[in-house]
Amino acid sequence: MDHFKSQVLLILNEIPAGECIAYGELAKLAGFPGYARQVGRLMKILPKDTKLPWHRVINSQRRISFAENTDAYLRQKAKLEQEGWTIVGNKLTVNELFNR
DNA sequence: TCTTGGGCGCCCA
DNA sequence: GTGGGCGCCCAAG
């Protein structure tokens, strides 16, 4: 378990329900600016039954980084909606009650 | 808005 | 050693 993984997973684990974060932001918070792609790679290798909130990680455009027809996209969308987000196309809209 | 193109750090064949 | 390919990012048009 290298430093990068443990830090990223640690930060990820601290993200409360109803929040979301970009790959680049997550990397930066973990202390590895510029490691956005590695974060994506890391998410990919997580086990399906992980309790980590991988679905709260999106790209900098506030979009889901999957094509709409894919399985992964649908699973992420479902989880986010479950936490109060509204998603149109692959775009997350602002939750008006919490004002973000 | 959407599309391109360049850049990025790392993994794998 | 080398060339592709990623759950990306950013700046232009």
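Below, chain A is the first sequence line, B the second, and so on; all start at residue 1.
In DNA chain C, stems built from 3 or more consecutive Watson-Crick or G-U wobble pairs, each with both distances under 3.5 Å, span B:2-7 with C:8-13, B:9-13 with C:2-6.
Taking the side chain of A/Y35 as heavy atoms from C-beta on, and the options C/dC9, B/dC10, C/dG7, the nearest nucleotide is B/dC10.
Rounded to whole Å, the distance from CG on A/D2 to C1' on B/dC10 is 11 Å. The interatomic distance linking A/Q61 (CD) with C/dC8 (P) rounds to 11 Å, in whole Å. Going from atom CG of A/L12 over to atom P of C/dG7 covers 16 Å, rounded to whole Å. Between the CD1 atom of A/I64 and the P atom of C/dC8 there is a distance of 12 Å, rounded to whole Å. For the pair A/F32 CZ and C/dC9 C1', the computed distance is 19 Å after rounding to whole Å.
Near-neighbour residues of DNA chain C inside residues 40-53 of chain A, defined by a heavy atom below 4.0 Å, number-ordered: A/G40, A/M43, A/K44. Interface residues of residues 21-30 of chain A facing DNA chain C, ordered by number: A/A22, A/Y23, A/G24; criterion, heavy-atom separation under 4.0 Å.
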Practice task
Apply side-chain contact (heavy atoms from CB on, under 4.5 Å) to the pair A/S65 and A/Y73, showing each step before the final yes or no.
Solution key: CA-CA 8 Å; A/S65 284; A/Y73 166 82; over 6 Å; no

Problem - Pair A/I87-A/T93, side-chain contact (heavy atoms from CB on, under 4.5 Å): steps then yes or no - result: CA-CA 6 Å; A/I87 300 170; A/T93 66; over 6 Å; no

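Atom CD1 in A/I21 sits 6.0 Å away from atom CD in A/E25 (nearest 0.5 Å). How far CG of A/L92 is from OG1 of A/T86: 9.0 Å, rounded to the nearest 0.5 Å. A distance of 11.0 Å separates CH2 in A/W85 from CZ in A/R56, rounded to the nearest 0.5 Å. Annotation: the span from A/L26 atom CG to A/I15 atom CD1 amounts to 5.5 Å, rounded to 0.5 Å. Interatomic distance, CG of A/N69 versus CG of A/L74, reported as 8.5 Å (0.5 Å rounding).
Using a 4.0 Å heavy-atom distance criterion, A/V57 is classed as a base contact.
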Only distances under 3.5 Å count here; give the side-chain donor-acceptor pairs of residues 2-14 of chain A to other protein atoms, sequence neighbours excluded, each with its distance to 0.1 Å.
unit_1	atom_1	unit_2	atom_2	d
A/S6	OG	A/D2	O	3.1
A/S6	OG	A/H3	O	3.0

Using atom types as modelled, flag every donor-acceptor pair under 3.5 Å from a side chain in residues 28-55 of chain A to any protein atom, sequence neighbours excluded.
unit_1	atom_1	unit_2	atom_2	d
A/T50	OG1	A/L52	N	3.1
A/H55	NE2	A/E83	OE2	3.0

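Between A/S60 and C/dC8 there is no side-chain polar atom (N or O) within less than 4.0 angstrom of OP1 or OP2.
With a 4.5 Å cut-off on side-chain heavy atoms, A/F66 and A/N90 do not count as touching.
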Between the protein and nucleotides 1-7 of chain B, which nitrogen or oxygen pairs come in under 3.5 angstrom?
unit_1	atom_1	unit_2	atom_2	d
B/dC2	OP2	A/R63	NH2	3.4

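Atom P of C/dG7 sits at a distance of 22 Å from the matching atom of B/dG7, rounded to the whole Å.
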